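Owing to the predicted nature of the structure, the values given are computational and were not obtained by experimental measurement.
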Amino acid sequence: MFHHLKDENPTACAIRDRFTSVASWKEESVIPFSSKKKYSGVRFQGKGTYYVGAPEFILFDQGKSIEKELKKYTKDYRVVVLTKEQTPLALLLIRDKIRKSANETLQYFRDQGVKIKVISGDNIETVSEIAFRAGIPDDSKRIDATTLRTRRDIEEAVEEYDIFGRVTPSQKKEIVLALKKHGHTVAMTGDGVNDVLALKASDCAVTVASGSDAARNVSQLVLLDSSFDSLPSVVLEGRRTINNIQRSSSLFLVKTIYTTILSIYFLFVDFAYPFEPIQLSFISVLAIGIPSFVLALEPNHNRMEGKFLFNILKKALPAALTIATNIILITILGSIFTFTHGELSTLSVITTAYTAFILLYRICKPFNALHRLLFGTMILVFVLGILLVPKLFSLATFTIPMLIIIAILSVLSYLFYNFYGKLIERISEKRA
């Protein structure tokens, strides 16, 4: 019969591989498998119509005659019934293979605080047994999705139940949407056409290379080895990338923010812009370029928290606002003490670098050998640069008043930095 059907789902392929002989019967019509109907069928010339599919969707009340046999097998097998019209002829028992590493993979995600939901179109007893064998806790609550009549039923069930059986493709999608409505970030794994709607509705769709074309086309991530065992390493690599981008972006964004503020400020005051290109390059290389390159390449498997953009701004804004405040104070002090442009420029470079190193210090925490080497080297190179080759960076000779102001601004920079940091935290808490 299956040699007359065009179904390519795993069940059809398994049965076709097991029963290789082909009858000489002539088909009159074919009913392809449907996730909604849960069965397929073929009408043969002079032989009648044969169906194969889920027992409860084919036999209905006639299934009571084999109810004991069904209960006997549904716990350990996926049971498919072969019927002629509605007369049962045979039970086809299919058992899913559980990968040895499945339990370890699921345990990893549970340890990371991920809620695991098993959603399947199979009988709830079969799904539950497979889930338990794969490592889902035995006390997980389960439900037959045929009892979920409305969208509200699904929204109430998604938080209470962990295992869903007899789920239709549209219900899979509704379950994903309900989880998102409850505030969850949803990753959906699936490999069949029946999973496409749910994959599209999820925040992150994952499938395998051996999955259907439709599933691969709508997924953001395709596992080329066709094994979900790769997901923990995928998560770790994603964390490394995102966490390191956040740290590097904070360093780069500081310069963008304070440069924008100062550009606007110096449009309205009678002072020349205090920085020369070589000075900004010197600070940028030591406080941004080299650190961001080193930090972007190191392992970082910390769990991501908060929103990406806010995490960047939360680190960048205090430093940028502190630098802008310092430069404004320097211009005010410059008018009082009649500093030359070179002296103002030198003061600006020192205080800006000092604040940038405060940010670098906090980004490097917690310190390890690499972070200590990076932070210490950058400060050492900066100090050597301003002491040994000041003319290269257009720096003026230090005077007593300049050193006093540098000391005062260093203390103020630390206070400003903490003030702006706490202010941003308060604003974010109010918005939340």
Side-chain angles (χ1 to χ4, degrees), residues 112 235-259 261 275 279-327 348-388 393 406-407 409-426 428:
Q112 299 301 310
V235 171
L236 294 179
E237 182 62 22
R239 286 181 177 178
R240 185 188 73 83
T241 302
I242 294 175
N243 287 331
N244 289 344
I245 287 177
Q246 281 187 170
R247 293 195 301 186
S248 300
S249 298
S250 298
L251 294 172
F252 281 100
L253 200 59
V254 168
K255 182 179 178 181
T256 303
I257 296 173
Y258 80 70
T259 301
I261 296 173
F275 296 107
Q279 295 170 340
L280 287 176
S281 296
F282 185 45
I283 297 172
S284 298
V285 168
L286 298 180
I288 301 174
I290 295 176
S292 64
F293 177 78
V294 174
L295 295 174
L297 296 179
E298 72 167 345
N300 189 331
H301 299 157
N302 296 329
R303 185 175 179 180
M304 292 172 289
E305 297 180 356
K307 295 184 179 180
F308 180 80
L309 183 58
F310 178 74
N311 289 341
I312 296 173
L313 291 174
K314 186 168 63 174
K315 293 180 179 179
L317 276 175
L321 294 175
T322 298
I323 291 172
T325 303
N326 283 338
I327 303 302
S348 299
V349 169
I350 300 300
T351 55
T352 298
Y354 176 78
T355 305
F357 284 130
I358 292 177
L359 173 62
L360 181 59
Y361 174 83
R362 299 197 176 189
I363 286 180
C364 285
K365 293 175 67 176
F367 275 86
N368 53 30
L370 176 63
H371 292 179
R372 292 189 188 95
L373 177 63
L374 173 65
F375 186 73
T377 302
M378 295 303 98
I379 291 180
L380 177 61
V381 172
F382 178 77
V383 172
L384 292 176
I386 62 176
L387 293 179
L388 299 181
F393 302 109
I406 289 173
L409 288 179
S410 296
V411 175
L412 290 177
S413 294
Y414 182 78
L415 297 176
F416 286 147
Y417 196 108
N418 290 332
F419 170 76
Y420 288 128
K422 292 178 181 179
L423 180 63
I424 292 170
E425 286 286 354
R426 290 174 186 170
S428 64

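- Side-chain contact check for Thr352 versus Leu280: every heavy-atom pair is 4.5 Å or farther apart.
- Counting non-hydrogen atoms of neighbouring residues, nucleotides and ligands closer than 6.0 angstrom, the OH atom of Tyr414 reaches no more than 12 such neighbours.
- Sparse packing is recorded around OH of Tyr361, with 12 or fewer heavy atoms of other residues, nucleotides or ligands lying under 6.0 Å away.
- Two residues are said to be in side-chain contact when any heavy atoms from C-beta on lie closer than 4.5 Å; Tyr420 and Leu317 fail this criterion.
- Note that CD1 of Ile245 is 11.5 Å distant from OG of Ser250, once rounded to the nearest 0.5 Å.
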Task: Audit row: Val235, Gln112, side chain to side chain contact (heavy atoms under 4.5 Å, CB included) steps and yes/no - done: CA-CA 10 Å; Val235 171; Gln112 299 301 310; 6.0 Å; no
Open item on the list: Run Thr259 and Phe275 through side chain to side chain contact (heavy atoms under 4.5 Å, CB included) and show every step you take.
Closed with: CA-CA 10 Å; Thr259 301; Phe275 296 107; over 6 Å; no
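- Nearest heavy-atom pair across Thr325 and Leu321 is OG1-O, 2.7 Å.
- Between Thr355 and Ala319, the shortest heavy-atom distance links the atoms CG2-O, 3.6 Å.
- Using a 4.5 Å heavy-atom threshold, the side chains of Ile288 and Lys255 count as touching.
- Summarising the geometry of Ala353 relative to Phe382, their closest heavy-atom pair is CB-CZ, 3.4 Å, with the distance given to 0.1 Å.
- Counting all heavy atoms, side chain and backbone alike, Asn244 lies closest to Leu297 at ND2-N, 4.3 Å.
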Task: Test log, rule side chain to side chain contact (heavy atoms under 4.5 Å, CB included), inputs Phe419 and Leu415 - done: CA-CA 6 Å; Phe419 170 76; Leu415 297 176; over 6 Å; no
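- Between Ile379 and Phe357 there is a side-chain heavy-atom pair separated by less than 4.5 Å.
- Shown here for Ile424 and Pro318, the closest heavy-atom pair between the two residues is CD1-CD, 3.6 Å.
- In this structure, Leu253 CG and Ser248 OG are separated by 12.0 Å, a value rounded to the nearest 0.5 Å.
- Atom CZ of Arg247 and atom CG of Leu359 lie 11.5 Å apart (nearest 0.5 Å).
- More than 12 heavy atoms of other residues, nucleotides or ligands lie within 6.0 Å of CZ in Phe375, so this atom counts as buried by the packing criterion.
- Under the 4.5 Å side-chain criterion, counting only non-hydrogen atoms from C-beta, Ile406 is not in contact with Tyr354.
- Taking a 6.0 Å sphere around CZ of Phe308, one finds it holds more than 12 heavy atoms contributed by other residues, nucleotides or ligands.
- For the pair Lys315 and Gln246, the minimum side-chain heavy-atom distance is 4.5 Å or more.
- Judged by distance alone, the side chain of Arg240 and the main-chain N or O of Ala296 form a donor-acceptor pair under 3.5 Å.
- Note that CG of Leu313 is 12.5 Å distant from NZ of Lys307, once rounded to the nearest 0.5 Å.
- Of the inter-residue distances, the one linking Ile350 atom CD1 with Asn326 atom CG reads 12.0 Å to the nearest 0.5 angstrom.
- The two residues Pro291 and Leu251 have their closest heavy-atom pair at CB-CD1, 4.1 Å.
- Here CD of Glu237 is found 4.5 Å from OG1 of Thr241. Values are rounded to the nearest 0.5 Å.
- The side-chain heavy atoms of Leu295 and Leu374, taken from C-beta on, include a pair separated by under 4.5 Å.
- A donor-acceptor contact shorter than 3.5 Å links the side chain of His371 to the backbone of Pro366.
- You'll find the side chain of Val285 reaches within 4.5 Å of the side chain of Ile290, heavy atoms only.
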